[in-house]
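Each remark here refers to the structure printed beneath this line.
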Amino acid sequence: MTPPAVAVKDLTLAYRDTPVLWDIDITIPQGVLLAIVGPNGAGKTTLIKAILGLLKPAAGKVEILGKPYQQQIKKVGYVPQRGTVDWDFPTDALDVVLMGRYGHLGWFKRPGKKDYALALDALDRVGMADFASRQISQLSGGQQQRIFLARALVQDAQIYFMDEPFVGVDAATEKAIVTLLKELRKQGKTVIVVHHDLQTLKEYFDWALLLNVHQIAIGPVEEVITSDNLRKAYGGRSAFFVS
């Protein structure tokens with residue numbers, strides 16, 4: 001039996017006794033392109049960080065492809081929010097992408113020809129081949145996000161987590177990101193994205209997790225994004241988003 005990409009059982013996480021996630025129980029099958037959506041403060045980023053072991057839950061269990069995350073770490077790629085990164089760090093785009101190979105190399109082995117070739121190919125796939133030697137501080141927000149995506153690509157993961165990759169990018173970069181996400185799905189990868197724009201959900205994704213501290217619904221987008229579910233998540237502000 002094929003294990004799910006991600007299985008979360010009874011996950012609860014709190015800050016100073018205030019619940020941020022409460023009793024989350026979800027199963028994400030392999031090969032889907034899933035958006036995590038919900039209002040501000042719903043726990044979307046927290047959920048990803050808890051799955052990746054970056055935050056310790058008060059209760060619950062997480063499995064990646066049927067095993068604890070620490071046993072599957074090489075099969076997971078992660079693109080954090082761009083605003084959490086120090087973009088003034090003195091390094092160029094190629095070196096940032098090569099960081100995605102360290103999980104395969106170990107921290108004390110230098111990248112070889114294969115690693116450089118993979119990094120350059122990833123830069124090409126995100127339209128940034130001509131910027132390989134450019135300092136990251138000199139790149140626009142959209143270009144920086146493409147570099148982050150290229151770094152995730154060279155990990156050659158089975159499951160990708162991306163935290164708001166469309167925030168602060170131009171229309172061309174957004175289109176390039178969507179194309180890349182759908183390409184990954186065609187390759188059988190699982191892609192899980194924290195997303196904020198309900199109006200593009202049906203166009204960009206095939207699955208959705210609607211969240212507001214508690215899980216509201218998970219499944220194919222057309223089953224999850226209903227007036228009733230949106231009202232539970234967003235209150236009276238939801239009517240605008242349902243056609």
Side-chain angles (χ1 to χ4, degrees), residues 5-6 28-37 44-45 48 51-52 64-65 73-85 87 92-104 114-132 134 136 139-209 220-221:
V6 179
I28 302 172
Q30 295 187 41
V32 300
L33 181 48
L34 177 142
I36 302 175
V37 291
K44 302 183 293 293
T45 293
I48 282 186
I51 290 171
L52 297 176
I64 302 290
L65 298 170
I73 196 166
K74 291 184 179 180
K75 297 180 180 179
V76 176
Y78 175 43
V79 180
Q81 290 183 14
R82 189 171 55 84
T84 64
V85 177
W87 292 102
D92 61 32
L94 180 59
D95 281 338
V96 172
V97 177
L98 280 169
M99 291 176 189
R101 297 296 300 162
Y102 291 160
H104 295 270
K114 176 185 176 182
D115 303 298
Y116 277 94
L118 289 170
L120 289 169
D121 178 66
L123 283 168
D124 186 55
R125 288 173 67 185
V126 299
M128 292 293 290
D130 293 338
F131 295 82
R134 186 74 61 88
I136 57 170
L139 300 175
S140 69
Q143 290 169 338
Q144 289 172 346
Q145 190 67 302
R146 291 187 192 214
I147 296 301
F148 249 30
L149 289 169
R151 188 183 71 167
L153 285 178
V154 299
Q155 293 177 255
D156 192 25
Q158 291 299 310
I159 304 172
Y160 289 92
F161 292 88
M162 302 185 184
D163 196 350
E164 302 226 26
F166 299 110
V167 169
V169 303
D170 55 85
T173 296
E174 182 159 337
K175 183 178 179 181
I177 293 172
V178 172
T179 299
L180 180 62
L181 299 186
K182 292 183 176 181
E183 178 187 325
L184 290 170
R185 182 186 58 191
K186 285 181 181 178
Q187 294 170 4
K189 313 289 189 181
T190 305
V191 187
I192 299 165
V193 179
V194 173
H195 192 54
H196 69 284
D197 185 3
L198 291 175
Q199 296 186 76
T200 58
L201 265 182
K202 292 181 180 179
E203 180 184 355
Y204 291 0
F205 300 93
D206 50 16
W207 267 53
L209 166 61
V221 171

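Everything numeric in this text was worked out from a predicted model, so none of it was measured. Each residue takes its place number in the sequence, starting with 1.
- Phe131 CZ to Leu123 CG: the interatomic distance, rounded to the nearest 0.5 Å, is 10.5 Å.
- The pair Arg151-Asp95 fails the salt-bridge criterion, with no side-chain N (NZ, NE, NH1 or NH2) lying under 4.0 Å from an Asp/Glu carboxylate O.
- Within the 3.5 Å criterion, the main-chain N or O of Gly31 finds a donor-acceptor partner in the side chain of Thr190.
- With respect to Arg125 and Glu183, a salt bridge is recorded, a charged nitrogen being found less than 4.0 Å from a carboxylate O.
- Judged purely by atom type and a 3.5 angstrom limit, Lys189 uses its side chain to pair as donor or acceptor with the backbone of Ala157.
- Side-chain contact between Leu153 and Leu184: present, with at least one pair of heavy atoms (C-beta onward) separated by less than 4.5 Å.
- Within the 4.5 Å cutoff, the side chain of Glu164 has heavy atoms near those of the His196 side chain.
- Between Tyr78 and Tyr160 there is no side-chain heavy-atom pair separated by less than 4.5 Å.
- No donor-acceptor pair closer than 3.5 Å links the side chain of Thr173 to the backbone N or O of Val169.
- Two residues are said to be in side-chain contact when any heavy atoms from C-beta on lie closer than 4.5 Å; Gln143 and Ile147 fail this criterion.
- The side-chain heavy atoms of Val37 and Leu201, taken from C-beta on, include a pair separated by under 4.5 Å.
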request  = Decide side-chain contact (heavy atoms from CB on, under 4.5 Å) for Arg134 and Leu139; before the verdict, give the C-alpha distance in whole Å, the side-chain angles of both, and the deciding distance to 0.1 Å.
outcome  = CA-CA 8 Å; Arg134 186 74 61 88; Leu139 300 175; 3.6 Å; yes
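- Rounding to the nearest 0.5 Å places CD1 of Ile136 at 12.5 Å from CG of Leu94.
- The shortest distance between side-chain heavy atoms of Thr200 and His195 falls below 4.5 Å.
- Taking 4.5 Å as the limit, every side-chain heavy atom of Phe161 sits out of range of all side-chain heavy atoms of Val79.
- When the options Leu65, Asp156, Ile159 are evaluated for a side chain to side chain contact (heavy atoms under 4.5 Å, CB included) with Lys75, the one that passes is Leu65.
- Considering Ile192, Val76, Ile64 as possible partners of Ile51, the one that fulfils the side chain to side chain contact (heavy atoms under 4.5 Å, CB included) test is Ile64.
- Contact between Ile177 and Pro165 at its shortest, heavy atoms only, is CD1-O, 3.5 Å.
- To the nearest 0.5 Å, atom CG of residue Asp197 and atom CD of residue Glu203 are 9.5 Å apart.
- A distance of 6.0 Å separates CG of Leu149 from CG of Leu180, quoted to the nearest 0.5 Å.
- Of all heavy-atom pairs between Ala122 and Ala150, the closest is CB-O, 3.6 Å.
- Residues Phe166 and Gln145 share a closest heavy-atom pair of N-NE2, 4.4 Å.
- Remark: the Gln81 side chain and the Thr45 side chain contain an N/O donor-acceptor pair separated by less than 3.5 Å.
- Nearest heavy-atom pair across Val191 and Val193 is CG1-CG2, 3.7 Å.
- Across Ala119 and Leu98, no two heavy atoms sit closer than the pair CB-CD2, 3.8 Å.
- Separation of atoms CZ (Phe148) and CE (Met128) is listed at 13.0 Å; rounding is to 0.5 Å.
- In terms of heavy-atom proximity, Met162 sits nearest to Ile48 at O-CD1, 4.0 Å.
- Under a 4.0 Å N-O distance rule, the pair Asp206/Arg185 qualifies as a salt bridge.
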